[in-house]
Protein chains: 2
Amino acid sequence: MALTKRQREILTYLQDYAGDRGYAPSFEEIAAHFNYNSLATVHEHLTNLERKGYIRRSYNESRAIEILPSDVFSRAIDLPLLGTVAAGMPIESLSYNETVAVPQELVSRSGEHYVLKVRGNSMIDEQIRDGDFVIVNERRSADNGEMVIALLNNRGATCKKFYRERDGRIRLQPANETLSPMYVHENDIAIQGVVVGVIRRY
Amino acid sequence: MALTKRQREILTYLQDYAGDRGYAPSFEEIAAHFNYNSLATVHEHLTNLERKGYIRRSYNESRAIEILPSDVFSRAIDLPLLGTVAAGMPIESLSYNETVAVPQELVSRSGEHYVLKVRGNSMIDEQIRDGDFVIVNERRSADNGEMVIALLNNRGATCKKFYRERDGRIRLQPANETLSPMYVHENDIAIQGVVVGVIRRY
DNA sequence: AAACGATAGCCGAACAAGCCCCGAAGTGCA
DNA sequence: TGCACTTCGGGGCTTGTTCGGCTATCGTTT
């Protein structure tokens with residue numbers, strides 16, 4: 001549903017206000033900002049925005065305007081940075097609660113997501129370098145060729161490409177020439193998640 | 001669920017307090033901080049915060065407030081996707097107005113930013129692969145080792161690593177073994193911008 | 001060209017609900 | 001027993017809702 005000029009202005013105002021303050025403006029504040037003399041005008045605009053799917057409101061509640069992601073405004077989600085990951089090394093969880101902002105399109109799949117920071121060049125052949133952030137979709141299974149975070153029996157977690165071969169045998173292919181593939185039985189591996197994106201800051 | 005002004009203030013206070021001390025404030029401390037004369041007020045606010053899913057509490061326990069990781073939406077910036085870039089090839093601008101959502105931290109430098117989609121494996125040695133999105137900070141100068149988008153005299157734009165050598169000579173190093181570096185005089189090159197980030201979607 | 005209908009945008013006023021705060025009495029736990 | 005949280009009733013204020021009515025614009029029908 002397309003927006004009119006006025007509706008877009010109001011949506012932008014809502015976005016800015018909520019971004020700054022952490023809560024939505026009241027009708028009165030919206031009216032003041034747009035020089036309206038009646039709250040009914042505000043109400044009508046918000047009703048239209050909701051009808052067109054850009055915001056969501058709850059009935060009769062104060063400042064209860066939620067801006068939904070749309071073409072106009074994409075958003076980022078702060079995902080927890082759970083730790084670092086290197087070849088064959090366990091995931092080293094961080095003590096402090098850090099987060100990484102990730103564009104919402106990268107986390108549009110079902111299930112939980114989190115971020116791991118890559119240490120070392122163990123995934124260099126997959127164009128993932130030291131210091132990159134990988135976005136992981138939490139899952140218990142994977143398809144061939146996907147990059148997985150896998151937990152091996154008492155040998156910690158690792159990040160490898162996943163290939164299912166015959167008779168329940170699984171090949172874990174490191175993304176680095178100098179490392180050889182690892183073969184395990186499907187019973188000896190627990191998939192933690194699948195890498196769905198990479199972010200690098202220079 | 002959206003918060004009111006007061007509710008946001010209280011939630012922020014709870015977060016700060018717990019962040020500093022490692023445990024939640026008592027009702028009395030909250031009341032003191034907000035100049036309330038009744039603990040019932042505190043109780044009501046916390047009840048509302050719990051109803052809206054921002055905290056969890058256990059009945060009748062002291063300082064038993066747990067702050068839940070609400071989906072914190074930090075803001076994303078929609079940067080224009082100006083076109084594609086490949087080794088030595090001109091930037092091919094797209095006809096339609098497409099944008100790419102990018103977390104705000106990646107574009108925190110001064111000046112304008114835009115996004116280019118990488119075509120081909122010309123930057124493979126810099127761990128940038130076909131289909132990646134590079135975030136470019138628009139600038140007219142660069143430091144040694146930075147990855148630049150450079151405009152060569154009548155030879156289109158290219159993406160290379162930038163090294164200033166002696167006597168105004170500049171070495172443009174392609175990020176692919178099979179390509180040789182390019183040497184130009186600083187007068188024959190116009191830097192368009194510097195790559196500040198990479199985003200990849202699987 | 002004129003008439004029509006639909007939609008956007010705006011207003012004022014009456015109304016209803018939620019929000020925010022209070023004091024006081026009650027409850028559960030160490 | 002004492003401390004901290006809970007519950008209850010109540011009051012003032014803020015905020016959202018609804019209704020009737022107004023103008024303007026745009027595309028369609030007559």
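Within every chain, numbering begins at 1; the chains are lettered A, B, ... in the order of the sequence lines, protein sequences first and strands thereafter. Values reported hereafter were calculated over all heavy atoms of this structure, with side chains retained and with hydrogens, waters and symmetry mates removed.
- Taking 4.0 angstrom as the limit, R57(B) places none of its side-chain polar atoms (N or O) nearer than this to OP1 or OP2 of dC5(D).
- Atom-to-atom, CD of E28(A) to P of dT17(D) comes out at 14 Å; the value is rounded to the nearest Å.
- In this structure, L39(A) places its CG atom 12 Å from C1' of dC10(C), rounding to the nearest Å.
- At the phosphate of dG18(C), neither OP1 nor OP2 sits under 4.0 Å from any side-chain N or O atom of R63(A).
- Atom CG of L3(A) is separated from atom P of dA8(C) by 11 Å (rounded to the nearest Å).
- Contact check, N60(B) against dT6(D): no side-chain N or O comes under 4.0 Å of OP1 or OP2.
- Between K5(A) atom NZ and dA24(D) atom P there is a gap of 18 Å when expressed in whole angstrom units.
- In this entry the distance linking CD of E9(B) with C1' of dC20(C) reads 12 Å, nearest Å.
- For E44(A) against dC10(C), a side-chain N or O and a base N or O form a donor-acceptor pair under 3.5 Å.
- Phosphate proximity of dA8(C) to R51(A): present, with a side-chain N or O under 4.0 Å from OP1 or OP2.
- Atom CZ of F27(B) is separated from atom C1' of dG28(C) by 13 Å (rounded to the nearest Å).
- The cationic group of R63(B) does not satisfy the cation-pi geometry with Y23(B), failing either the under 6.0 Å distance to the six-membered ring centre or the 45° limit from the ring axis.
- In this structure, H43(A) does not reach the dC10(C) phosphate: none of its side-chain N or O atoms is under 4.0 Å from OP1 or OP2.
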Hey, mind stepping through R201(A) and E105(B) against salt bridge (charged side-chain N to carboxylate O under 4.0 Å, His left out) and telling me if it holds?
CA-CA 9 Å; R201(A) 302 179 200 161; E105(B) 304 129 61; 2.9 Å; yes
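- When only modelled atom types and interatomic distance are considered, Y59(B) and R57(B) share no side-chain donor-acceptor pair under 3.5 Å.
- Phosphate contact (OP1/OP2 of dT18(D), side-chain N/O of Y59(A), threshold under 4.0 Å): present.
- Nearest to the side-chain atoms of A40(B) among the listed nucleotides dG9(C), dC10(C), dA24(C) stands dA24(C).
- Taking 4.0 Å as the cut-off between side-chain N and carboxylate O, E29(A) and K5(B) do not count as a salt-bridged pair.
- In this structure, K161(A) and G145(A) approach most closely via the heavy-atom pair CE-O, 3.1 Å.
- Nearest-nucleotide positions on DNA chain C place K52(A) closer to the 5' end than the other of K52(A) and N35(A).
- OP1 or OP2 of dC20(C) lies within a sub-4.0 Å distance of a side-chain N or O belonging to T4(B).
- Remark: the S62(A) side chain and the dG18(C) base include no donor-acceptor N/O pair separated by less than 3.5 Å.
- The distance from atom CG of L46(A) to atom P of dA8(C) is 14 Å, rounded to the nearest whole Å.
- In this structure, H45(B) reaches the dC20(C) phosphate: one of its side-chain N or O atoms is under 4.0 Å from OP1 or OP2.
- Between dC21(C), dG9(C), dT7(D), one nucleotide has an atom nearer to the side chain of T41(B) than all others, and that is dC21(C).
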